[in-house]
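Predicted model only: the values in this text are computed from it and were never measured. In each ligand, atom 1 is the first atom listed, and ligand 1 is the first ligand listed. The analysis underlying the following values was restricted to heavy atoms, covering all of them including side chains, and did not include hydrogens, waters or symmetry mates.
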Amino acid sequence: MTDSITDVSPRYPARVAGFMLGPDTALKAAARLWFLVAVIGQWVFVYYILAFYGGSAVRGDLAAWNKVLPHGIIAGDTLGNVAIATHLLLAAIITVGGPLQLVLGAIITGGGPPQLTPKFRAGARPFHHWNGRIYMLTAFAISLVGLYMVLTRGVIGGPAQHVSISLNAVLIMICAAMALRHALAREIGPHRRWALRLFIVVSGVWFFRVGLMLWFFLTGGIGVDFETFTGPFLTILGFAQYLLPLAILELYLRTRDRAGAPGKLAMAGGLFVVTGLMGLGIFMATMGMWLPRL
Ligand code: HEM
């Protein structure tokens, strides 16, 4: 795999922002840009969780949660109220910890800027291990607490959303278990692939919000019943929130490892388009959903 921006394949160069990129470099650049934009968008989401839910909790104004949450704080349902508060705390932890874990993993396996010294890379290892333990534990806990809330309180949008979010929880736990198993067996290649899948399924609820706001922007909300929060588009999005990004990830991994230059350039182009749409969705979610609640 080529690493330098000056490594240009003479047969299949791609011109991106004035640079001539070889296929491997173009694909790597597209994947890095996607990750950077996703991380920025996820950290805006964390800011919203901490500022809105955390801020109102610190002020002792838990009633503010009910302006946003369909079920929220219910008088007399202590266990359910503890569950939603725990869920929100874990949501902040997992959304910060996921990207950090992938970056630490890349550093200790030789990725990232070549200027990083071997000592620095070795020093990142314990952080990766500890953050990984916290991340895995959080992934299981947030899924189990989420399932408890779905089963005891239901979920906005009806049976389709019920099934799709429950499947999301199951996939999170499967991917976490697989990533952990390969980490313990020191099988780094499969561990990385399962860790990436875990990051994608954990990001499902975030993709839902970004996808929803992008859809509103592009179509005005075709296939969405605003009264009941049901409709064909929401049913599709309920499953697509994690299945579509998972499919794109698999395509990316296969292309990176096995495809020739045209396939890599096509994948890079596709990823740039996906990143553009995702960026637009992040902007719409930030301006239309998260910031107005603060
Ligand atoms: C793993 C990553 C997850 C994150 C980061 C996350 C984050 C959140 C956030 C921030 C909210 C509050 C709504 C908002 O302000 O947008 C919420 C609500 C909710 N989450 Fe999650 N969630 C995750 C996974 C899950 C899973 C796997 C389930 C179900 C199995 C679930 C079930 C719910 C339910 C039912 C609510 C609404 C509570 C109500 O009706 O009042 N979440 N989640």
Side-chain angles (χ1 to χ4, degrees), residues 38-39 41-57 62-75 77 79-99 101 134-176 179 197-213 228-229 234 237-239 241-243 245-246 281-282 284-286 288-294:
V39 172
Q42 296 205 351
W43 287 7
V44 176
F45 186 43
V46 174
Y47 175 71
Y48 151 74
I49 295 172
L50 292 176
F52 177 69
Y53 294 105
S56 42
L62 288 186
W65 292 11
N66 290 8
K67 290 182 202 147
V68 171
L69 293 171
H71 301 94
I73 299 295
I74 301 173
D77 181 13
L79 204 55
N81 295 340
V82 170
I84 182 68
T86 308
H87 187 78
L88 292 167
L89 180 64
L90 295 176
I93 293 173
I94 206 165
T95 313
V96 173
Q101 186 65 359
I134 294 169
Y135 188 68
M136 300 272 177
L137 213 63
T138 311
F140 274 99
I142 198 168
S143 303
L144 292 173
V145 172
L147 282 175
Y148 172 79
M149 294 194 308
V150 172
L151 289 174
T152 55
R153 294 180 160 196
V155 58
I156 188 171
Q161 303 291 345
H162 192 122
V163 173
S164 64
I165 193 72
S166 302
L167 180 60
N168 194 358
V170 172
L171 289 177
I172 289 171
M173 291 189 282
I174 291 175
C175 292
R197 290 176 190 130
L198 175 59
F199 174 69
I200 292 291
V201 289
V202 162
S203 304
V205 300
W206 177 82
F207 285 126
F208 185 91
R209 288 152 174 82
V210 169
L212 183 68
M213 295 309 282
T228 58
F229 204 63
L234 290 176
L237 185 62
F239 291 95
Q241 62 177 319
Y242 45 87
L243 293 182
L246 266 184
I282 292 169
M284 295 310 299
T286 304
M289 188 189 272
W290 297 323
L291 285 188
R293 291 175 181 172
L294 299 184

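- Taking any N or O of Tyr48, backbone or side chain, at least one lies under 3.5 Å from an N or O belonging to ligand 1.
- Polar contact with ligand 1: present for Tyr53 (N/O pair, distance under 3.5 Å).
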Candidate pair Gln42 and Phe199, rule side-chain contact (heavy atoms from CB on, under 4.5 Å), full reasoning: CA-CA 12 Å; Gln42 296 205 351; Phe199 174 69; 3.8 Å; yes
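- When the heavy atoms of Ile142, Val201, Ile156, Thr152 are ranked by distance to atom 1 (C) of ligand 1, first place goes to Ile142.
- Atom OH of Tyr47 sits in a sparse spot, with 12 or fewer heavy atoms from other residues, nucleotides or ligands closer than 6.0 Å.
- Taking the side chain as every heavy atom from C-beta outward, Trp65 and Asn81 never approach each other to under 4.5 Å.
- At least one side-chain heavy atom of Met173 sits less than 4.5 Å from a side-chain heavy atom of Leu147.
- Put simply, CD1 on Ile134 and CG on Leu90 are 11.5 Å apart, with the number rounded to the nearest 0.5 Å.
- Less than 4.0 angstrom separates some heavy atom of Leu69 from each of these atoms of ligand 1: 12 (C), 13 (C), 41 (O).
- To the nearest 0.5 angstrom, Ile94 atom CD1 is 5.5 Å from Ile142 atom CD1.
- Remark: minimum distance from atom 4 (C) of ligand 1 to any protein heavy atom is reached at Val205 CG2, 3.3 Å.
- Atom 25 (C) of ligand 1 has His87 CE1, 3.4 Å as its closest protein atom, hydrogens excluded (heavy atom only).
- Residues Arg197 and Leu246 have side chains in contact (heavy-atom distance under 4.5 Å, counting atoms from C-beta outward).
- Atom 34 (C) of ligand 1 has its closest protein heavy atom at Met149 CE, 3.5 Å.
- Among protein heavy atoms, atom 28 (C) of ligand 1 sits closest to Ile165 CG1, 3.5 Å.
- Residue contact check: Ile172 has heavy atoms under 4.0 Å from atoms 1 (C) of ligand 1.
- Any N or O atom pair closer than 3.5 Å counts here, and Gly72 shares at least one such pair with ligand 1.
- Applying the 4.0 Å criterion to heavy atoms of Arg293 picks out, from ligand 1, the atoms 15 (O).
- Nearest to atom 27 (C) of ligand 1 by heavy atom, out of Gly204, Gly146, Ala169, Gly80, is Ala169.
- Taken to the nearest 0.5 Å, the CG atom of Asp77 stands 4.5 Å off from the CZ atom of Arg153.
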Test log, rule side-chain contact (heavy atoms from CB on, under 4.5 Å), inputs Val163 and Phe239: CA-CA 9 Å; Val163 173; Phe239 291 95; 4.0 Å; yes
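- Taking the six-membered ring where the residue is Trp, Tyr53 and Tyr48 present perpendicular rings, their angle passing 60° and hence far from 30°.
- Polar contact with ligand 1: present for Arg209 (N/O pair, distance under 3.5 Å).
- Distance from atom 38 (C) of ligand 1 to its nearest protein heavy atom, with residue and atom name: Ile84 CD1, 3.8 Å.
- A ring-centre distance under 6.0 Å is not found for Tyr242 and Phe208.
- Within the 4.0 Å heavy-atom shell around ligand 1 one finds Phe45.
- Among protein heavy atoms, the minimum distance from atom 40 (O) of ligand 1 is reached at His71 ND1, 2.6 Å.
- In this structure, Val202 is part of the shell of residues with a heavy atom less than 4.0 angstrom from ligand 1.
- Ligand 1 places these atoms under 4.0 Å from at least one heavy atom of Thr95: 5 (C).
- Smallest separation of non-hydrogen atoms from Gln241 and Pro245: O-CG, 3.4 Å.
- The option from Leu167, Ile93, Leu88 that lies nearest to atom 11 (C) of ligand 1, judged by heavy atoms, is Leu88.
- Those atoms of ligand 1 with a heavy atom of Ile49 less than 4.0 angstrom away are 10 (C).
- Remark: minimum distance from atom 5 (C) of ligand 1 to any protein heavy atom is reached at Ala91 CB, 3.6 Å.
- Within ligand 1, the atoms closer than 4.0 Å to a non-hydrogen atom of Pro70 are 39 (C), 40 (O), 41 (O), numbered from 1 in the order shown.
- Distance check: Leu291 CG to Phe52 CZ gives 13.0 Å after rounding to the nearest 0.5 Å.
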